[in-house]
Amino acid sequence: MKPRVAVFASGNGSNFEALARACASGEVDAEIAVCITDKPGAYVVTRARNLGIPSEEFRPKDFGSKLEYERAVLDALARHDVDFICLAGYMRLIGAVLLDAYRERIINIHPSLLPSFKGAHAIRDAFDYGVRITGVTVHYVDESLDGGKILAQAPVENSETDTLDSLETKIHACEHKLYPRALQMALDNLKKQQHL
Ligand code: GRF
């Protein structure tokens with residue numbers, strides 16, 4: 001059976017869609033089992049519906065604590081028989097409940113060459129700093145913000161003529177290519193360790 005992947009997203013979901021299409025085409029040997037969002041009604045839910053992928057929508061405020069919220073998410077992951085998690089624009093730190101259950105099985109995409117430009121405004125921060133080369137990183141997730149072991153990176157040039165908009169467009173195009181490749185790498189690594 002193919003590994004079953006959950007994608008966590010809080011907004012637009014273009015990386016969710018890139019991953020779903022790469023799995024559907026066979027570029028990645030996995031199945032996107034479910035989309036998990038902490039923002040009910042986010043556009044990613046529409047994308048999931050259009051692709052025939054189930055969504056689970058959670059409102060963290062509805063739970064007494066982060067622990068209870070993550071336990072509810074964990075139950076949903078169990079219902080969908082999820083083996084692996086991709087974070088794709090999920091604007092929330094992963095806590096102990098999910099980390100303990102999916103240790104070494106959660107990856108995230110970040111729009112800079114880590115460890116430079118951590119945080120929520122990486123593309124703008126790199127543009128404002130004036131770096132000529134920025135890029136995209138896919139890394140394993142641990143307790144830290146954008147800090148886990150790096151799995152894959154790709155460079156993107158910020159040329160003299162780029163604007164913040166054109167740089168964003170290039171970064172997103174790069175993400176949509178890199179994330180499926182990185183997911184396949186992570187799954188291959190797991191298979192080698194015979195965990196899947
Ligand atoms: C991406 O730039 C990703 O690197 C960052 O959040 C953004 C999500 O975009 N973590 P989308 O929702 O996948 O379109």
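Numbering of ligands and ligand atoms starts at 1, following listing order.
Expressed to the nearest 0.5 Å, how far CD1 of I106 lies from CG of L87 amounts to 6.5 Å.
Every residue two or more places apart in sequence or in another chain that forms a ring pair (Phe, Tyr, Trp, His ring centres under 6.0 Å) with Y90 is listed here: F8. Under the rule for a ring pair (Phe, Tyr, Trp, His ring centres under 6.0 Å), Y140 has no partner lying at least two apart in sequence or in another chain.
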N/O donor to acceptor pairs below 3.5 angstrom from side-chain atoms of residues 20-28, sequence neighbours left out:
residue, atom, partner, partner atom, Å
R21, NE, E17, OE2, 2.9
R21, NH2, E17, OE2, 2.8
S25, OG, R21, O, 3.4
S25, OG, A22, O, 3.2
S25, OG, E27, N, 3.3

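Residues T163 and D165 bring no donor and acceptor atom of their side chains to less than 3.5 Å of each other.
Cluster membership for I85 and L151, using ILVMFWY side-chain heavy atoms within less than 4.5 angstrom, is not shared.
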Please tabulate, one line per pair, the protein N or O atoms found under 3.5 Å from any N or O atom of ligand 1, giving the distance to one decimal.
residue, atom, partner, partner atom, Å
ligand 1, 2 (O), E175, OE1, 3.1
ligand 1, 2 (O), E175, OE2, 2.9
ligand 1, 4 (O), I109, O, 3.4
ligand 1, 4 (O), E175, OE2, 2.3
ligand 1, 10 (N), I109, O, 3.0
ligand 1, 12 (O), G13, N, 2.7
ligand 1, 13 (O), S14, N, 3.3
ligand 1, 13 (O), N15, N, 2.8
ligand 1, 13 (O), N15, ND2, 2.9
ligand 1, 14 (O), N12, ND2, 3.1
ligand 1, 14 (O), S14, N, 2.9
ligand 1, 14 (O), S14, OG, 2.5

